[in-house]
Amino acid sequence: MEGIIVPNGAVLKPRLSKVILSLSFFAMSVAKNDTPSLIREAMLNWYDRHARVLPWRARPFEKPDPYHVWLSEVMLQQTTVGAVKSYFEKFVTLWPSVHDLADAAQETVMKEWAGLGYYSRARNLHKCARVVAEKYDGVFPSDIKTLKLLPGIGDYTAAAIASIAFDRPAIVIDGNIERVISRLYIIDTPLPDSKRIIRNYAEHLFVGENQNRPSCFAQSLMDLGATICTPRSPKCMICPINQYCKAYKTADPSIYPFKKPKKKIPEKHAIAIIYIHNDKIGIETRPEKGMLGGMIGFPTTEWVEVDVPLTGEYKESLKIRHVFTHFALTLYPLFLSDETDMMIGKDEMDTAGLPTLFKKLWNMIKSEI
DNA sequence: CAGCCGTGGAC
DNA sequence: TGTCCAAGGCT
């Protein structure tokens, strides 16, 4: 044999392989009591048998597509796998490459993103696509520092892309991994104060002897968090690393991670103006900053924490309440037989790309129009 | 750096 | 109905 083949497929030169081999024997002898190394081994073994099949995930021995990895990671930010699947399929069908996405009109991207939430992600996604297409000729950078300069890519996503798309040994920390680590080491500091502590543990977990297949290891931790080490009712009995888990030895692992209590959210109110004229409905494009930025919607009065004045014609039952992350909004429709700047056909409303708040309102009132 | 920024599913 | 929360980033 001309050299040795390391797990990422590269072939090392003979002289170097001698050094590596002797180093690995040394590593294996000290790795016996090296818990992170044992966890890595157990996780990779588990992952080879239980990895989830996901639309954006490369199958075993398949080369990941950095465009798919990036697109899915941005969509998955603070969002569930179930919600993302159909959007991911739609996006790669509409735009098979980052060049195609870069060439799309911004409004089209916003429209297709409608319903997925956190709409600044869509704007940054489009910006990022244009930078990658133009500055990097469509080739995603593979190092974390360069990735982090791109819009919409922060600590987590940069590490995830470096790891998953390029098999770089990055420290990947998402909500799943925070939970897994909080339980492994029974961290009693609440989030988000514990983030520094968690990162410190993560570095020991990710970096060290027998650090093979970093991409698979990172994904294995996320799969574990999603299917076994779940927020509620974790399935510790079938966890591949329960023997290394300090929380498993306690009465109730599910109490980790501790979190700072959340504040109560205020109730806001506003009137939505429903312009109706010749079977057309009035809409507006919202400003880029603020709630539902860049999305279309019905014009509304300011969203305020006091009750809005409602006049005689108003029906008490005709309203919708929608809960956002940091406040709830009740919208009261006010119908005007008049025109405004942007009017679209009544039949086009369902496919126009309304965010959920306005979609809910439209679904309630459309039968009455 | 704490607040802002969506949504739908689980319990 | 309420509560939590899911592969966070930006300011």
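All values derive from a computational prediction rather than experimental measurement. Chain identifiers are assigned alphabetically (A, B, ...) following the order of the sequence lines, protein sequences preceding nucleic acid strands; residue numbering begins at 1 within each chain.
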_Distance, rounded to the nearest Å, where A:I265 contributes CD1 and B:dT7 contributes P_ =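 After rounding, the gap between these two atoms is 13 Å.
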*asked:* What is the separation between atom NZ on A:K263 and atom P on C:dT3, rounded to the nearest whole Å?
replied: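 From A:K263 NZ to C:dT3 P: 17 Å.
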With heavy atoms under 4.0 Å as the rule, sort [X] into base, sugar-phosphate or nothing.
X	answer
A:S72	nothing
A:G82	nothing
A:G115	sugar-phosphate
A:P192	nothing
A:L329	nothing
A:L116	base
A:T325	base

_Which is more 5' along DNA chain C, the nucleotide nearest A:R121 or the one nearest A:P257? Just name the residue._
A:P257
*Taking the P atom of each, how far is B:dA10 from B:dG6, in whole Å?*
23 Å
*Selected nucleotide, minimal atom distance to A:Q78 side chain, candidates B:dC11, C:dA6, C:dG9*: C:dA6
*State which of C:dA6, B:dT7, C:dC5 makes the closest approach to the side chain of A:P231.*
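Closest nucleotide to the A:P231 side chain: C:dA6.
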*Any pair counted as side chain to side chain donor-acceptor pair (under 3.5 Å), so long as it reaches residues 62-75 of chain A, sequence neighbours left out*: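 Found A:E73-A:Y156.
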